[in-house]
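The next block holds one structure in the form of structure tokens; read it before the comments.
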Amino acid sequence: MYNETVMEHFTNPRNVGEIEDADGVGEVGSPQCGDIMKIFLRIEDNIIKDIKFKTFGCASAIASSSIMTEMVKGKTIEEALSLTNRDVVDALGGLPAPKVHCSVLAEEAIRAAIEDYRKKSEGTRNSG
Amino acid sequence: MYNETVMEHFTNPRNVGEIEDADGVGEVGSPQCGDIMKIFLRIEDNIIKDIKFKTFGCASAIASSSIMTEMVKGKTIEEALSLTNRDVVDALGGLPAPKVHCSVLAEEAIRAAIEDYRKKSEGTRNSG
Amino acid sequence: MTKRRVYVDNAATTPVHPQVMKEMLPYFTQYYGNPSSIHSFGRQAKHAMDKARERVAAALGAATDEVFFTGSGTEADNWAVKGVAFANKGRGNHIITTKIEHHALLHTCQYLEKHGFEVTYLDVDEYGRISLKQLNEAIKDSTILISIMFANNEIGTIQPVGEIARIAKEKGIYFHTDAVQAMGNVKIDVKEIGVDLLSISAHKIMGPKGIGVLYIRKGIRIDNLVHGGAQERRRRSGTENVAAVVGMGKAAQLAAENLEQHTKRMTSLRDRLIDGIIERIPHVKLNGHPTERLANNVNFSFEFVEGEALLLSLDMAGIAASSGSACTSGSLDPSHVLLAIGLSHETAHGSLRMTLGEANTEEDIDYILEQLPPIANRLRELSPLFKQCEGGKVSV
Amino acid sequence: MTKRRVYVDNAATTPVHPQVMKEMLPYFTQYYGNPSSIHSFGRQAKHAMDKARERVAAALGAATDEVFFTGSGTEADNWAVKGVAFANKGRGNHIITTKIEHHALLHTCQYLEKHGFEVTYLDVDEYGRISLKQLNEAIKDSTILISIMFANNEIGTIQPVGEIARIAKEKGIYFHTDAVQAMGNVKIDVKEIGVDLLSISAHKIMGPKGIGVLYIRKGIRIDNLVHGGAQERRRRSGTENVAAVVGMGKAAQLAAENLEQHTKRMTSLRDRLIDGIIERIPHVKLNGHPTERLANNVNFSFEFVEGEALLLSLDMAGIAASSGSACTSGSLDPSHVLLAIGLSHETAHGSLRMTLGEANTEEDIDYILEQLPPIANRLRELSPLFKQCEGGKVSV
Ligand SMILES: Cc1ncc(COP(=O)(O)O)c(C=O)c1O
Ligand SMILES: Cc1ncc(COP(=O)(O)O)c(C=O)c1O
């Protein structure tokens, strides 16, 4: 069903966990749909210094989260925002058709986390 | 499909043939239905001295003809007329349900031949 | 070291029993005749069909001419419901079934709704049992068929089919039951139950796939589903699948003969697995009825984790299980059965079904009990829905 | 001395080819998973299904997602005709077929006539061919489906399916062909023919019984026949019959690969048998087309004798043949196909079909040619329709 890359990321997901006092947190999906992805960002100088995730979902959701965190870690915010779900699918070497939405979730999750970071930093800027 | 008695009568039918100048001849069935039975009788003193048949039809039609000729040979006309298709089926040790009509044909054939004999002998009596 | 492989997905399908295989084998290459042919090859095949039909009839307490072979359990279900519906539409257009039927039943009913029939889908309680009171209330003058499954394929809950049959008979309504999962795990006697139509499938009882049986009580008005040649006393056409029919005959015979011993063993393994999971893993919920459940069915919800991830992790440990019915595990929707017993969507997503079979041993169960806790734990740690407290205690 | 057994009823059914059997075998007891399951047992089964589907697609010149496995050729025929009829009844209610279709087609059409559809049954000529002119004339604005068999199961006559397809396409009407008998005996390329739907059955091509295929061209509007789980891309429900699907795949592959060599050998054996019978037995008539006929089909009428008696006598000599289609030989009515080509009832009753297969040899043919004349002769002597002239010459 899944290729080796997907299975490898499912079995040994990278960057699992939470970041305390993260600069940005994004959560997408819903338990009803069977997938929730939560992303924690540590950002310094517009660069994603650290990223962690927690995912409730199937193997492809976990693998998509994992590979996405690898792809954006160390990148600028703009680079991270240019990531598409297609990039995630390609990096995983493909996903079965009914599972492609998991890669969409990964794209949405990193965007949500960055948006949260921007809101927070605006807040900081405004109040600072 | 057929029991051994039926197959034996089909393979080695008794009293096959025709009787020249028979005292009575009966033919029942039709080629459309796939069965024709023709019976030839030699009758002396009200007794069936000889009987022959020719049958176009399936194995059970041939077996029914054969065993029927054996059952009535040497019998009086009245005895022959009392023969029913059930007797034929029983003597054969049973026929598959869709083939029971073959035994009916045998009953009808002997009746038809006897009727022909009676008509002919009435004719003889009347003219003699 | 070869990895241990533990197959606990016997409600999805079972291996063919060696004795069943042995009886089937000659009918592929040696006795290959068409049972409709009158020559010796055909008669051999016909004879085998007759014997298989007798065995199935004996296993169900039916007469041989009430046993009709079909191409699957699904076809038997389709035939029962569509056949009765179309043949009796002069009498009424209302059908009663439940919310927890197999898709073979549900999608057939939905199809009939598009063709002028009205269908009532009965609720079930938290254990998956229907209410006889609700059934009684649902019956109308136009009701022509009640179709309620004998035992559920996901949660194993057994329905009170005898009482349903009594209600149906009283009202002069046909009663069909899908006994695909019940067969081999529960005693089935069609006359004792008083059922009019009953479906089974061979591949759930160590027979081959692609063969089912519909029991049709004598005198039932029912249309054909598959038209053509005169096979199955003109009621179900197509060259008979002789080898599979022979396999169904043997499988049904074995299922009936070994019923008591089999269910005793399954119950003991099942309870060892249920108790072991409850002991070892927090935040789990047994789905289905505590006692009125199939001897081989274990179904748990694991809070905070998703079923497929659980399945794949177990699979990597050599354990083959399922999350809901075999048919839904490819889908994205949570099981309609788990929702019907009142689970939330996320709890339904985290369900795991393990259905035991002939081959399973206590060692298999212990292996599962060893593998499952760390797997559940790992996935929970990945899950944003779950927070591990520092003291090792678990909270949400 | 063991009696010689010569099976020449390959249009009724065939033995499973050893290579087919070999590929099927592991899927009963070893790789027994349900292809819908996501664990390794399920994936093995799924993989086997995929491979079989590719093989069938390659054999028919179809895409893999145009290949749908069914429980039989009969089910494929039922599905094609009912599925198209019900899905397109908004566009019209008229179906065109022929008088010589298999019962799977005819009885399906008769059923549809009871449900508001109008069916035209085309005549055939004395060789069993339809007239394209009559077909053209039969087409109305309300025509939604033309279903005409590729090759006839009784007399082996092959229809001009390519030209029928062109006519259908021109008028925007779906064209289905029952290729159950054609498969393995005629080249089939669905794209080349331009057909929309096509049925085949494994057990006619040395595959197992109980498995068929319906080719459905992409974009065709068709209802389901069997509702339930999501198998076959939601179009045909029921746990996949994996072993049989594997068998169908291999059988289709072999049929396509060996086509040329097989038909060459069959044609030579067939003609040896036809010529031999005509030489040795008076008052016989070859039924079917002299050239546009299946390579393995021999069908004669023997005047003055009845077919079943002929069959049983041949059977006692170890020769397994048929009188009309496998499905009609249990019945009492003469074959509708033989009546449609203009035979009288009695001539139709006296028909004998011998359909050759892979296992047959020249020695088999010579054995038949040795056994058949005295058998025909004996039955003719029993027949009141036949009189032997004294000089040994034959008259009626
Ligand atoms: C022309 C034709 N169509 C359909 C069928 C039905 O196929 P099956 O026996 O697989 O149902 C047959 C054979 O019985 C046939 O010869
Ligand atoms: C309760 C129930 N009904 C019907 C079916 C369908 O049976 P089959 O797979 O033989 O079509 C199944 C299994 O898939 C089942 O569990």
Side-chain angles (χ1 to χ4, degrees), chain C residues 7 9 12-16 18 21 28-30 32-34 36-42 71-75 77-78 102-104 107-108 110-111 201 203 208-211 224 226-231 237-244 308 311-312 314-315 320-322 326-327 329-331, chain D residues 7 9 12-16 18 21 28-29 32-34 36-42 71-75 77-78 102-104 107-108 110-111 201 203 208-211 224-231 237-244 308 311-312 314-315 320-322 326-327 329-331:
Chain C
Y7 185 80
D9 199 11
T13 194
T14 58
V16 175
M21 197 62 217
F28 291 106
T29 50
Q30 194 178 355
Y32 53 80
N34 185 322
S36 299
S37 302
I38 65 174
H39 48 63
S40 62
F41 294 81
S72 63
T74 297
E75 187 191 324
D77 282 346
N78 271 254
H102 190 268
H103 282 142
H107 289 162
T108 297
Q110 283 158 14
Y111 173 79
S201 178
H203 75 94
K209 295 174 177 64
I211 180 93
N224 286 5
V226 180
H227 294 84
Q231 294 89 353
S237 302
T239 301
E240 297 91 335
N241 191 351
V242 184
E308 193 218 84
L311 282 193
L312 275 179
L314 285 168
D315 184 46
S322 145
C327 302
S329 54
S331 127
Chain D
Y7 184 80
D9 200 9
T13 195
T14 58
V16 174
M21 197 62 217
F28 291 106
T29 49
Y32 52 81
N34 185 324
S36 300
S37 301
I38 65 173
H39 48 62
S40 62
F41 294 82
S72 63
T74 296
E75 187 191 323
D77 282 346
N78 272 254
H102 189 269
H103 281 141
H107 289 162
T108 297
Q110 284 159 14
Y111 172 79
S201 178
H203 75 96
K209 296 176 178 62
I211 179 92
N224 286 3
L225 180 70
V226 180
H227 294 83
Q231 294 90 352
S237 303
T239 300
E240 297 90 336
N241 190 349
V242 184
E308 192 218 85
L311 283 193
L312 276 180
L314 284 169
D315 184 47
S322 147
C327 303
S329 55
S331 124

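Throughout, protein chains are lettered first and strands after them, A, B, ... in sequence-line order, and every chain is numbered starting at 1.
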Requested in this report: Would you give the length of the straight line joining atom OH of Tyr111(C) to atom NE2 of His227(D), rounded to the nearest 0.5 angstrom?
Outcome: 5.5 Å
Requested in this report: With a 4.5 Å cut-off on heavy-atom pairs, point out which of Leu225(D), Asp77(D), Thr29(D), Asn241(D) contacts chain C the most.
Outcome: Asn241(D)
Query raised in the report: For the atom pair CD (Glu240(C)) and OG1 (Thr13(D)), what is the distance rounded to the nearest 0.5 Å?
Result: 10.0 Å
Report task. With a 4.5 angstrom heavy-atom cut-off, could you sort out which part of Ala244(D) is near chain C: side chain, backbone, both or neither? Result -> neither
Query raised in the report: So which of Ala321(D), Gly33(D), Pro208(D), Ser40(D) has the largest heavy-atom pair count under 4.5 angstrom toward chain C?
Result: Ser40(D)
Query raised in the report: Of the backbone (N, CA, C, O) and the side chain (C-beta and beyond), which part of Gln110(C) lies under 4.5 Å from a heavy atom of chain D, both, or neither?
Result: neither
Requested in this report: Output all residues satisfying side-chain hydrogen bond (donor to acceptor under 3.5 Å, both in side chains) with Thr14(D), sequence neighbours left out; order by chain, then residue number.
Outcome: none
Query raised in the report: With a 4.5 Å limit on heavy-atom distance, are the side chains of Tyr32(D) and His203(C) in contact?
Result: no
Query raised in the report: Side chain, backbone, both or neither: which part of Asn78(C) has a non-hydrogen atom closer than 4.5 Å to chain D?
Result: side chain
Query raised in the report: Between Ala12(C) and Asn34(D), what is the shortest heavy-atom contact and its length?
Result: O-ND2, 3.2 Å
Query raised in the report: Roughly how far, to the nearest 0.5 Å, is OG of Ser72(D) from CD of Gln231(C)?
Result: 9.0 Å
Query raised in the report: What residue in Asn224(D), Leu314(D), Thr74(D) has the most heavy-atom pairs under 4.5 Å with chain C?
Result: Thr74(D)
Report task. Check each atom of Ala243(C) against the heavy atoms of chain D and say whether the ones under 4.5 Å are side chain, backbone, both or neither. Result -> neither
Query raised in the report: Under 3.5 Å, side chain of His107(C) to main-chain N/O of Gly228(D), donor-acceptor pair present?
Result: yes
**Report entry** Shortest non-hydrogen separation from His39(C) to Asp315(D) and the atoms involved
**Finding:** CB-OD1, 3.3 Å
